[in-house]
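Working notes for the structure below.
Just so you know, these numbers use all the heavy atoms, side chains as well, and skip hydrogens, waters and symmetry mates. The structure displayed is predicted, hence computed values, not measured ones. Just so it is clear: chains get the letters A, B, ... in the order the sequence lines come, proteins before strands, and each one is counted from 1.
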Amino acid sequence: MSQKIQSIRGMNDLLPADAGVWQHLQSVAAEVFGGYGYRELRVPVVERTELFRRAVGEVTDVVEKEMYTFDDRGGENLSLRPELTAGIVRAGIEHGLLYNQQQRVWSCGPVFRYERPQAGRYRQFHQLDVEAFGLAGPDVDIEMIAIAARLWQRLGVSGFVLQINSLGTPESRTQYRAALTDYLRSHEHALDEDSKRRLGSNPLRVLDSKVPATRAIVAAAPNILDHLDAESALHFAALKRGLDALGIAFEVNPRLVRGLDYYTRTVFEWTTDQLGAQDAVCAGGRYDGLVAHLGGAPTPGIGFAIGMERLIALIGLQQAVVPEHGPQVYFCRFGAQAEAAAAALAEQLRDQLPSLRLLLNAGGGKLGAQLKRADACGARYALILGDDEAATQTVQVKSLRGEGEPVSIGWPELSQHLAQRVGMSA
RNA sequence: GUGGGCGUAGCUCAGUUGGUUAGAGCUCCGGAUUGUGAUUCCGGAGGUCGUGGGUUCGAGUCCCAUCGUCCACCCCA
């Protein structure tokens with residue numbers, strides 16, 4: 001027997017039983033984003049490694065140890081995308097979408113990070129991503145957060161905490177970073193090893209350490225919000241007012257920093273206490289310097305990403321309503337003449353009711369066995385066409401869910417009858 | 001990258017201190033009912049016990065390695 005080939009660790013198949021939630025999430029998301037005037041933009045899964053190094057940041061964990069990087073046959077150094085923003089910005093610059101104009105776009109697809117898998121964390125996972133360019137004011141920041149809030153509401157999920165913070169401008173952050181480093185150095189002996197290492201490379205990251213001893217020190221550390229430049233402070237105040245005005249609850253968390261280097265001013269994160277350790281479902285922020293950093297004209301930008309696997313886990317946990325997507329009607333057929341007639345009739349029904357989900361029995365079998373399949377696939381109705389029905393040009397319509405006795409319907413009336421039963425317009 | 005739990009049928013799991021042909025429920029297929037499912041009854045199919053070594057007269061059971069999976073650290077969506 002040959003060796004069984006398994007899927008790559010941390011990369012999952014999406015099986016038919018779970019496909020319904022994904023389709024639902026994608027269609028609701030497209031509708032919500034479209035409702036704010038955002039249009040879809042798709043970018044390749046593979047880009048030059050250099051793009052991610054520059055966009056995400058050299059010293060971030062994502063770039064340092066989590067990227068799938070390889071040389072292609074032409075010697076080009078490429079990487080599977082670890083996030084969507086970098087590619088979107090690259091595409092925007094390349095096609096002139098960001099030159100002196102406003103753009104609102106969304107994207108969706110797989111991203112890759114080489115991490116140890118666990119609940120809510122996979123090596124191939126999927127993000128929904130929303131980005132706006134050319135808009136510097138806090139009004140778009142508010143819009144971003146409102147979009148996410150509306151998506152939660154439309155999906156019927158709740159229990160999130162929204163945390164917001166401001167990282168200021170690169171200049172104000174440099175000042176704050178110096179003040180923070182001074183403070184942490186004076187307590188260096190009590191910090192954990194990871195934090196000591198970060199002191200030199202990325203001291204802001206010490207702020208969200210989970211080590212209790214470090215947390216105690218961080219609690220008394222200088223507050224980034226006290227070190228904002230005047231304009232960033234006004235921006236942040238306007239954001240808070242705007243969220244209040246929309247009735248969106250939030251918490252200010254001055255220790256909220258992001259793992260990617262490109263953020264400026266507003267950062268935010270929606271978390272939940274229902275998913276274990278991987279509790280961030282949606283995170284994002286403003287990145288006013290990124291477009292210029294990647295070679296475009298200076299253009300402000302802001303965006304967020306949603307972890308689809310995590311959001312879908314929440315939909316499952318909270319038993320949010322997901323529309324049925326399996327067959328509604330199962331067509332039973334037997335006898336040579338009847339089988340051919342049923343095939344033609346099924347095609348005709350699909351002409352007349354394009355949204356009807358009709359499964360035509362194949363592979364023969366006795367009527368009893370066919371009805372068993374009909375029941376098992378979750379269909380609401382069975383159509384029965386044997387030689388008796390073929391002779392009279394009728395079909396028996398039988399409810400499988402206790403909605404009355406079977407009725408006999410003539411072929412010409414069938415589509416209208418079904419449309420009524422299933423609740424769709426003919 | 002670090003630490004711990006777990007790998008027996010398609011699924012969920014039993015399997016006594018190592019001892020003949022490895023079990024159950026669900027699912028699937030067939031029959032009881034030669035044209036009526038979801039209930040019941042009967043029958044059948046389905047497993048190199050994750051993989052590779054080792055100990056032993058004998059390994060699903062013990063040892064080692066390896067892969068996978070789950071949870072946490074870490075990281076982040």
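The partner of B:G3 is B:C71, judged by Watson-Crick or G-U wobble contacts that both fall below 3.5 Å. Nucleotide B:A77 is matched to nothing when pairs are restricted to Watson-Crick or G-U wobble geometry with both distances under 3.5 angstrom. Under the Watson-Crick or G-U wobble criterion, with both distances below 3.5 Å, B:U56 is left unpaired in every strand shown. Within the shown strands, B:U51 is the pairing partner of B:A65 under the Watson-Crick or G-U definition, both distances less than 3.5 Å. The pairing partner recorded for B:G46 is none, the criterion being a Watson-Crick or G-U wobble arrangement whose two distances lie under 3.5 angstrom.
Regarding contacts with the backbone of B:C76, a side-chain N or O of A:Arg205 is found under 4.0 angstrom from either OP1 or OP2. Put simply, A:Gln118 has a side-chain N or O that comes within less than 4.0 Å of OP1 or OP2 on B:A72.
For residues 331-349 of chain A, the set of pairs meeting the side chain to side chain donor-acceptor pair (under 3.5 Å) definition, not counting sequence neighbours, comprises A:Glu347-A:Arg350. Here side chain to side chain donor-acceptor pair (under 3.5 Å) pairs that include residues 14-26 of chain A, with residues two or more places apart or in two chains, number zero. Within the structure, side chain to side chain donor-acceptor pair (under 3.5 Å) contacts touching residues 129-156 of chain A (residues at least two apart or in different chains) are A:Glu31-A:Arg154, A:Tyr36-A:Arg150, A:Tyr38-A:Glu143, A:Thr85-A:Glu131, A:Arg104-A:Glu143, A:Glu131-A:Tyr287, A:Asp141-A:His235, A:Asp141-A:Thr266, A:Asp141-A:Arg286.
With respect to the salt-bridge test (charged N to carboxylate O, under 4.0 angstrom), the residues A:Arg121 and A:Glu115 qualify. For the pair A:Glu40 and A:Arg42, the salt-bridge criterion is met [side-chain N within less than 4.0 Å of a carboxylate O]. Salt-bridge check for A:Lys196 with A:Glu188: failed, with every basic side-chain N at 4.0 Å or more from each acidic carboxylate O. With respect to A:Arg380 and A:Glu403, a salt bridge is recorded, a charged nitrogen being found less than 4.0 Å from a carboxylate O. Ion pairing of A:Glu94 with A:Arg90 is present here, as a side-chain N (NZ or NE/NH1/NH2) and a carboxylate O approach within less than 4.0 Å.
Counting distance only, with no hydrogens placed and no angle test, the side-chain atoms of A:Arg121 and the base atoms of B:C71 include no donor-acceptor pair under 3.5 Å.
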In a table with atom names and distances, give each donor-acceptor pair under 3.5 Å that connects a side chain of residues 302-314 of chain A to protein atoms at least two apart or in another chain.
| from | atom 1 | to | atom 2 | distance (Å) |
| --- | --- | --- | --- | --- |
| A:Glu309 | OE1 | A:His126 | N | 2.9 |
| A:Glu309 | OE2 | A:His126 | N | 3.3 |
| A:Glu309 | OE2 | A:His126 | ND1 | 2.8 |
| A:Arg310 | NE | A:Gly120 | O | 2.8 |
| A:Arg310 | NH1 | A:Ala280 | O | 2.8 |
| A:Arg310 | NH2 | A:Gly120 | O | 3.1 |
| A:Arg310 | NH2 | A:Gln278 | OE1 | 3.1 |

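Annotation: salt bridge (charged side-chain N to carboxylate O under 4.0 Å, His left out) contacts of A:Glu405 (sequence neighbours excluded): none. For A:Asp375, the side chain to side chain donor-acceptor pair (under 3.5 Å) partners at least two apart in sequence or on another chain are A:Arg401. Every side-chain contact (heavy atoms from CB on, under 4.5 Å) that A:Ala379 has, sequence neighbours left out, goes to A:Tyr330, A:Cys377, A:Leu400. In this structure A:Arg53 satisfies the salt bridge (charged side-chain N to carboxylate O under 4.0 Å, His left out) test together with A:Glu58, sequence neighbours excluded.
Of the residues in residues 307-315 of chain A, those lying under 4.0 Å from RNA chain B by heavy-atom distance are A:Gly307, A:Arg310.
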Between the protein and nucleotides 6-13 of chain B, list every N/O to N/O distance that falls short of 3.5 Å.
none

Table of protein N/O atoms under 3.5 Å from nucleotides 65-69 of chain B N/O atoms:
| from | atom 1 | to | atom 2 | distance (Å) |
| --- | --- | --- | --- | --- |
| B:U69 | OP2 | A:Arg9 | NE | 3.2 |

Per-nt protein contacts along nucleotides 33-41 of chain B (heavy atom under 4.0 Å; B base, S backbone sugar-phosphate only, - none) come out as --BBBS---
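The nearest heavy atom of RNA chain B to A:Ile306 and to A:Gln278 marks one nucleotide each, and the one closer to the 5' end goes with A:Gln278.
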